[in-house]
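Reminder, nothing fancy here: chain letters follow the sequence lines and each chain counts from 1. Below, each value reflects all heavy atoms present in this structure, side chains not excepted, and no hydrogens, waters or symmetry copies.
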There are 2 protein chains.
Amino acid sequence: MIRLSKLTDYAVVVMTAMIQGDGGPHTAISLAERTGLPAPTVSKILKLLARDGLMASHRGATGGYRLARAPDAINVAQIIAAIDGPIALTDCVEGAPGACGVESLCPRRGNWDRVNRAVRGALEGVSLADMARPSFPDPLLPKAAPALPATADAI
Amino acid sequence: MIRLSKLTDYAVVVMTAMIQGDGGPHTAISLAERTGLPAPTVSKILKLLARDGLMASHRGATGGYRLARAPDAINVAQIIAAIDGPIALTDCVEGAPGACGVESLCPRRGNWDRVNRAVRGALEGVSLADMARPSFPDPLLPKAAPALPATADAI
DNA sequence: GCAATCCGGACCAAATCAGTACCCTTTAAG
DNA sequence: CTTAAAGGGTACTGATTTGGTCCGGATTGC
């Protein structure tokens with residue numbers, strides 16, 4: 001499967017938890033308690049999100065984190081980019097020149113970029129507000145099945 | 001970054017190499033020579049592709065592999081599914097129930113599926129024929145830069 | 001001044017993946 | 001019928017990545 005970092009999943013959990021709270025700043029510890037995630041991990045996520053401008057941080061005694069923008073002004077692509085780094089499906093375009101072997105076959109590189117753009121556009125179309133919305137009616141997922149109906153929604 | 005398996009990249013290389021050859025069947029060894037990839041790896045990829053019906057294999061003395069369908073009838077999503085397994089960004093929906101911790105925050109599960117569908121649709125829109133097309137004019141990639149302009153095309 | 005909080009980096013263990021090797025089955029040629 | 005060529009499947013190993021932790025330092029409010 002296309003592995004999306006687990007930290008990115010946690011990031012969405014933390015950010016939705018912030019939405020559901022009051023407007024005040026949230027400390028890393030309080031968010032860890034509310035989400036059930038380990039505190040150091042939450043702290044790491046918040047730092048990454050703040051570095052990319054998705055969070056506004058306030059240091060000092062009564063400090064904490066706040067969302068930098070409204071939930072519908074933050075999309076999934078931005079969150080992924082903050083945690084996992086730039087969205088690129090392959091590492092074909094890297095510093096290592098010898099990895100590609102025969103160069104005559106490598107013009108496909110530009111075409112992977114086409115795929116990257118398509119995926120990026122899809123991810124930009126989903127906002128944090130969409131993710132925070134409580135589970136919506138979905139005919140594919142009759143919510144009574146915590147077992148593993150996962151294979152159904154695969155390609 | 002969103003890690004797409006390196007084997008999937010190789011799969012596209014191998015399949016484009018098959019397109020550029022004549023119509024006859026290709027052996028795993030001949031494809032390995034033409035692509036510069038290690039032979040056992042090519043064999044592994046071909047087996048995976050054949051298992052999902054993307055390749056037609058012919059055993060015996062003069063056997064080999066052929067594309068099961070026309071290049072424009074095969075899309076990237078199918079290749080990824082054959083190599084990396086079903087396309088699912090997160091493993092939130094798994095057999096392990098304890099992993100999620102607080103259940104009250106987990107309704108976002110259905111929303112990840114929305115993201116999955118968006119990505120899947122994007123990948124289905126790119127065919128193998130698109131990938132095999134020799135590098136097309138792309139303003140973002142002024143083909144004279146094998147160094148590492150990779151960060152430019154990131155999100 | 002003191003305490004609470006964020007900031008930045010380094011560090012370690014565990015899971016995952018790429019790659020390889022081996023043996024079996026099938027098929028066609030001689 | 002025999003032989004060789006090719007795919008089919010499984011198991012194993014080394015390396016890379018990732019998730020998670022920890023520590024000292026900087027900053028702000030009380």
Side-chain angles (χ1 to χ4, degrees), chain A residues 1-11 13-14 24-33 35-66 68 80 82-85 88 90-92 94 96 99 101, chain B residues 1-11 13-14 18 24-33 35-66 68 80 82-85 88-92 94 96 99 101:
Chain A
M1 76 166 97
I2 295 188
R3 283 266 324 269
L4 187 61
S5 165
K6 206 185 297 183
L7 289 189
T8 305
D9 191 6
Y10 294 165
V13 176
V14 171
H26 303 262
T27 68
I29 293 179
S30 70
L31 286 171
E33 289 172 353
T35 57
L37 300 173
T41 299
V42 171
S43 177
K44 185 178 191 173
I45 291 171
L46 291 170
K47 275 183 277 190
L48 289 171
L49 292 173
R51 196 189 49 172
D52 269 36
L54 271 64
M55 290 280 183
S57 65
H58 193 202
R59 306 221 273 193
T62 60
Y65 289 94
R66 265 180 305 116
I80 294 175
I83 303 294
D84 283 347
T90 65
D91 39 21
C92 179
E94 288 285 330
Chain B
M1 76 167 95
I2 296 188
R3 283 268 324 269
L4 187 62
S5 165
K6 205 184 298 182
L7 289 188
T8 305
D9 191 7
Y10 294 165
V13 176
V14 170
M18 293 179 73
H26 304 261
T27 68
I29 293 179
S30 69
L31 285 171
E33 289 173 351
T35 57
L37 300 173
T41 299
V42 172
S43 177
K44 186 178 190 175
I45 291 170
L46 290 170
K47 273 182 278 192
L48 288 171
L49 293 173
R51 194 189 51 173
D52 270 35
L54 271 63
M55 290 281 183
S57 66
H58 193 201
R59 306 221 272 191
T62 60
Y65 288 94
R66 263 179 307 115
I80 294 175
I83 303 293
D84 283 346
L89 292 181
T90 65
D91 38 22
C92 179
E94 290 284 329

- Query: What is the distance from CG of Asp52(B) to C1' of dG8(D), rounded to the nearest Å?
  - Reply: 15 Å
- Query: With a non-hydrogen cut-off below 4.0 angstrom, is Ala28(B) in contact with a base, only sugar-phosphate, or nothing?
  - Reply: sugar-phosphate
- Looking for any heavy atom pair under 4.0 Å, which part of the strands does Leu7(B) touch: base, sugar-phosphate only, or nothing? sugar-phosphate
- Message: Can you measure Arg66(A) atom CZ to dT5(C) atom P for me and round it to whole angstrom units?
- Response: 16 Å
- Message: Please compare His58(A) and Arg51(B) by the position of their nearest nucleotide in DNA chain D and report the one closer to 5'.
- Response: Arg51(B)
- Message: Using whole Å, what does the distance between atom P of nucleotide dC22(D) and atom NZ of Lys44(A) come to?
- Response: 13 Å
- Looking at Leu49(A), Val42(A), Leu48(A), which one forms a side-chain contact (heavy atoms from CB on, under 4.5 Å) with Ile45(A)? Leu49(A)
- Item | Upstream residue (5' side of DNA chain D) when Leu46(B) and Pro40(A) are each assigned their closest nucleotide | Leu46(B)
- Item | Rounded distance in Å - CZ (Arg59(A)) to P (dC6(C)) | 10 Å
- Query: Within this structure, what is the CD-to-P distance between Glu33(A) and dT5(C), rounded to whole angstrom?
  - Reply: 11 Å
- Tyr10(B) side chain: which of dC7(C), dA29(C), dG19(C) is closest? dG19(C)
- Rounded distance in Å - CD1 (Ile45(B)) to P (dG19(C)): 8 Å
- Query: To the side chain of Thr41(B), which of dG19(C), dG20(D), dA18(C) is closest?
  - Reply: dG19(C)
- Whole-Å gap separating P (dA15(D)) and NZ (Lys6(B)): 14 Å
- Message: Output the rounded distance in Å from CG (Leu48(B)) to P (dG19(C)).
- Response: 13 Å
- Message: Quick check for you: among dG8(D), dG19(D), dG9(C), whose closest atom lies nearest to any side-chain atom of Lys47(A)?
- Response: dG9(C)
- Taking only the side-chain heavy atoms of Thr27(B) (C-beta and beyond), determine which of dA5(D), dA6(D), dG19(C) contains the nearest atom. dA6(D)
